[in-house]
There are 2 protein chains.
Amino acid sequence: METFGGEKSRARIAYDWRGGPLARMIRQRLQAARLRPSRQRISLAGLLFVAGDRHVTAEQLHREAQALDMPLSLATVYNTLRQFVASGLIREVAVFGSTVWYDTNTGSHCHYFDEGRQRLEDIPSDLTRDLKIAAPPGYRIVGVDVIVRLRDDETLQ
Amino acid sequence: METFGGEKSRARIAYDWRGGPLARMIRQRLQAARLRPSRQRISLAGLLFVAGDRHVTAEQLHREAQALDMPLSLATVYNTLRQFVASGLIREVAVFGSTVWYDTNTGSHCHYFDEGRQRLEDIPSDLTRDLKIAAPPGYRIVGVDVIVRLRDDETLQ
DNA sequence: TCGCTTTTTAGAATTATTCAAAAAACCCGC
DNA sequence: GCGGGTTTTTTGAATAATTCTAAAAAGCGA
């Protein structure tokens with residue numbers, strides 16, 4: 001096991017991976033979505049798509065990027081997440097509270113929200129398949145959000 | 001058909017109903033929830049519970065109260081709605097966007113959200129009955145929110 | 001009515017997010 | 001590789017929804 005070992009080398013790692021094979025895949029993904037592969041977009045896409053399904057807020061993602069010395073502003077995180085949503089790379093999830101959550105899994109599925117730890121997670125099975133929903137006349141369904149709010153037994157009382 | 005006919009008489013109506021039979025029922029409801037029946041709480045409960053199921057934001061409710069010359073501040077509307085939620089008189093609904101919605105129907109049911117007109121409505125049948133949800137070990141389910149987002153055909157394109 | 005507690009209020013503070021304009025980065029043809 | 005037009009990013013201000021704070025008002029029991 002190896003630690004990162006200091007500011008400089010972390011910076012190099014954060015910078016260097018942008019030339020690697022992972023970065024090439026991400027560039028392709030961005031290009032397919034007609035988004036110019038800028039440093040910042042590649043960095044953020046890296047964080048989002050490297051490790052399976054993720055659920056993050058803009059603030060969280062920004063902190064993560066900073067911890068890895070990826071130079072980008074909070075505004076860019078917000079902009080980029082919005083663009084990624086618009087391009088269908090990720091999706092928004094409506095949760096209680098004032099914060100918007102982003103989910104890298106764009107398929108049809110539902111969420112648990114842990115109110116104590118403020119964490120969002122996928123529900124393994126797709127519950128929405130069981131729902132028989134019809135749009136009222138004159139309307140079209142643009143999305144279905146199911147969120148199951150949880151409290152862990154300690155927090156509960 | 002009769003109009004309200006001017007500021008004064010609207011003010012009297014808004015004030016006077018607080019002595020009537022409706023107000024008595026609302027007082028009882030507040031008392032049952034261990035909330036002191038202040039003018040403001042009675043006024044707001046009146047707006048919320050007189051006319052069947054309602055879906056409102058704090059801002060909307062405040063405007064409504066002002067239009068009826070009920071004297072109360074926006075902060076009170078926010079406080080009161082939070083207390084009503086805590087007492088189980090109403091419930092919150094998680095919707096996209098930064099605004100919290102309140103629903104006077106506390107039973108298990110789902111919602112349509114009209115994104116064009118920004119309006120929330122109950123879905124007649126209770127879809128959640130079809131959902132087979134289990135809490136992960138160590139957790140308890142404190143609520144299930146299903147919101148079906150709609151666009152009307154004009155707004156759509 | 002008096003006095004104690006709860007509630008309300010106005011306005012400041014906070015939080016999450018968006019906006020606007022300037023600076024920087026990207027990309028194309030040469 | 002280099003200028004020039006376009007796209008992105010950035011900083012800081014602006015906004016929107018909500019909460020907080022301390023003081024004033026209202027409610028309530030003796």
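Heavy-atom basis, side chains included; hydrogens, waters and symmetry copies ignored. Residue numbering restarts at 1 for every chain, and letters A, B, ... go by the order of the sequence lines.
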For residues 101-114 of chain B, which residue pairs qualify under salt bridge (Lys or Arg N to Asp or Glu O under 4.0 Å), counting only residues two or more places apart or in two chains? Asp114(B)-Arg117(B)
Indicate whether the side chain of [X] and that of [Y] have a donor and an acceptor atom separated by less than 3.5 Å.
X: His55(B); Y: Asn105(B); result: no
X: His109(B); Y: Asp126(B); result: no
X: Ser108(A); Y: Thr128(A); result: yes

Identify, with sequence neighbours excluded, every residue that meets salt bridge (Lys or Arg N to Asp or Glu O under 4.0 Å) alongside Arg119(A). Glu121(A)
Can you name the residues that form a salt bridge (Lys or Arg N to Asp or Glu O under 4.0 Å) with Arg54(A), not counting sequence neighbours? Glu64(A)
Kindly give the cluster partners of Tyr78(B), where membership spreads through any ILVMFWY side chain lying under 4.5 Å from a current member. Leu74(B)
Below 4.0 angstrom, N of the basic side chain to O of the carboxylate: do Asp145(A) and Arg91(A) qualify? yes
For nucleotides 22-25 of chain C, tabulate all protein N/O to nucleotide N/O atom pairs closer than 3.5 Å, reporting atom names and distance.
none

If we ignore hydrogens and angles and just use 3.5 Å, is the side chain of Gln60(A) paired with the main-chain N or O of Thr57(A) as donor and acceptor? yes
What is the minimum heavy-atom distance between [X] and [Y], and which atoms define it?
X: Arg149(B); Y: Val144(A); result: NH2-N, 4.3 Å
X: Pro124(B); Y: Tyr112(B); result: CD-CE1, 4.5 Å
X: Thr106(B); Y: Gly88(B); result: CG2-O, 3.5 Å

5' priority, DNA chain D, between Thr57(B) and Gln31(B) [closest heavy atom]: Thr57(B)
Using side chain to side chain contact (heavy atoms under 4.5 Å, CB included) as the criterion, list what pairs up with [X], not counting sequence neighbours.
X: Val100(B); value: Glu92(B), Tyr102(B)
X: Thr76(A); value: Gln40(A), Ser73(A), Thr80(A)
X: Gln31(B); value: Pro37(B)

Strictly below 4.0 Å, heavy-atom distances to any atom of DNA chain C: list the hits from residues 78-85 of chain A, or just say none. Tyr78(A), Arg82(A)
Residues in contact with DNA chain C, drawn from residues 91-104 of chain A - heavy-atom cutoff 4.0 Å: Ser98(A), Thr99(A), Val100(A)
Gap between atoms [atom1] and [atom2], on [X] and [N] respectively (whole Å):
X: Arg41(B); N: dA26(D); atom1: CZ; atom2: P; answer: 15 Å
X: Leu61(B); N: dT18(D); atom1: CG; atom2: C1'; answer: 15 Å
X: Leu74(A); N: dA16(C); atom1: CG; atom2: C1'; answer: 9 Å

Polar atoms only, N or O, under 3.5 Å: list the protein pairs with nucleotides 12-15 of chain D and their distances.
none

Report for the helix from dT1(C)-dA30(D) to dC30(C)-dG1(D): angle between first-end and last-end helix axes, five pairs each, rounded to 10 degrees. 30°
Please tell me if Ser73(B) has a side-chain N or O lying less than 4.0 Å from either OP1 or OP2 of dT8(C). no
